[in-house]
Number of protein chains: 2
Amino acid sequence: MSNLSNFTYDEITVGQQASYSRTVDEQGVKLFAAVSGDVNPVHLDAGFAAGTMFKQRIAHGMFTGGLISAAIAMELPGPGTIYLGQDLSFRAPVFIGDTITVSLTVTDKRDDKKFVTLSTVATNQHGKVVVKGQAQVMAPAEKLDIPRPAMPNVTVD
Amino acid sequence: MSNLSNFTYDEITVGQQASYSRTVDEQGVKLFAAVSGDVNPVHLDAGFAAGTMFKQRIAHGMFTGGLISAAIAMELPGPGTIYLGQDLSFRAPVFIGDTITVSLTVTDKRDDKKFVTLSTVATNQHGKVVVKGQAQVMAPAEKLDIPRPAMPNVTVD
């Protein structure tokens, strides 16, 4: 498997982009419920969700927040980044089976503190924006190129 | 087990508070890695983390974002809430074993759209603020008092 590497502050340029995609499946939504404790039936109970404005189960909004944070931590700037802040505007529901693509674009750099601002936009497989926002990070000073830790092995009933 | 109930827009008052606590354990951090895809070694590899500024493994910052979203969805306003936006300022690391308490306070209501603003503050067991921010939600119009769905049964290696 490929190594995990980063972009240092000095390597990063305004306008630089990266993306990160994941499919939100049933297992993922159950895991997010278990990890956060949010067991709302709109996420877990298809019968209940059918009676809501969404007509079907939706993923937790902050699930997409987690994908944005993963995009930053895994892709741009990558390992060694310190996450300082994130704002999130939830624009449209994410349904089970949707493939979410997070697009990151560097919009500003602040040399004195190695702070980087990124626009963070998550879209579904139809190109619809589901979450939009902005991240503030401190970019890594040191180049990292490290073995990628194994994905934890998880099972869900 | 207790039912899951909510506060409707009309029941909510400015100044109303709620809280929600969870301990961030090793299993939770592995689950968050699996659900987000963020397998950075600062979260998963104790040996690697010992060489970082944190000296030990830390939880993903957005894990606490997930606890804030759960506090809103489970406690105030609770089920039926539509999450519109959240800003997050990551102030201090969360370590494995920390107990995080999310404190919510209603700071504003906007009658025309049933929008409610809440301050969202997450502290650790020492009272230190780890994440601070603000949430925008559309509060439920209808009272809900529903059976609490079972927590998904999850195992992690």
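Naming convention: chains lettered A, B, ... in sequence-line order (proteins, then strands); numbering from 1 in each chain. What you see is a predicted model; the values in this text were computed from it and never measured.
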Checking the side chain of B/D45 only, and the main-chain atoms of A/P149 only, is there a donor and an acceptor separated by less than 3.5 Å? no
In terms of heavy-atom contacts, B/L31 and A/A34 come closest through CD1-CB, 4.3 Å
side-chain contact (heavy atoms from CB on, under 4.5 Å), that's the test. Do A/F90 and B/Q136 meet it? Break it down for me. CA-CA 10 Å; A/F90 301 105; B/Q136 300 281 348; over 6 Å; no
Take A/V154 and B/K30, measure what side-chain contact (heavy atoms from CB on, under 4.5 Å) needs, and give me the verdict at the end. CA-CA 8 Å; A/V154 170; B/K30 286 183 173 175; 5.8 Å; no
Between B/L84, B/T52, B/V131, which has the largest tally of heavy atom pairs under 4.5 Å with chain A? B/L84
More than 12 foreign heavy atoms under 6.0 Å from NZ of A/K128: is that the case here? no
For the pair A/I82 and B/F54, evaluate side-chain contact (heavy atoms from CB on, under 4.5 Å) and give the outcome as yes or no after the intermediate values. CA-CA 11 Å; A/I82 308 290; B/F54 302 112; 3.8 Å; yes
Shortest non-hydrogen contact from B/N40 to A/A73? ND2-O, 2.8 Å
Contact origin within B/L144 toward chain A - heavy atom pairs under 4.5 Å: side chain
Between A/I146, A/V39, A/T64, which residue shows the highest count of heavy-atom pairs closer than 4.5 Å to chain B? A/V39
Between B/I72 and chain A, with a heavy-atom cut-off of 4.5 Å, which part of the residue counts as in contact: side chain, backbone, both or neither? neither
Where on B/A150 is there a heavy atom nearer than 4.5 Å to chain A: the side chain, the backbone, both, or neither? backbone
Against chain B, work out which of A/G65, A/G28, A/G61 has the most heavy-atom pairs shorter than 4.5 Å and name it. A/G65
Shortest non-hydrogen pair, B/F32 vs A/G66, comes out as CZ-CA, 4.0 Å
Check whether A/V42 gets within reach of chain B through its side chain, its backbone, both or neither, counting any heavy atom under 4.5 Å. neither
Taking every non-hydrogen pair under 4.5 Å, which of B/M151, B/R22, B/M74 racks up the most with chain A? B/R22
If hydrophobic clusters are built by linking Ile, Leu, Val, Met, Phe, Trp and Tyr wherever their side-chain heavy atoms come under 4.5 Å apart, do A/L104 and A/Y9 end up in the same one? yes
In Å and rounded to the nearest 0.5 Å, what is the OH to CE distance from B/Y83 to A/M62? 3.5 Å
Quick one: which of A/P147, A/P41, A/S36 has the most heavy-atom pairs under 4.5 Å with chain B, could you say? A/S36
Rounded to the nearest 0.5 Å, how far apart are CG of B/L44 and CZ of A/R148? 12.0 Å
Determine, using the 4.5 Å side-chain heavy-atom cutoff (strictly less than), whether A/V121 and A/L118 are members of one ILVMFWY cluster. no
Atom of A/S69, atom of B/D38 and distance for their closest heavy-atom approach: O-OD2, 4.4 Å
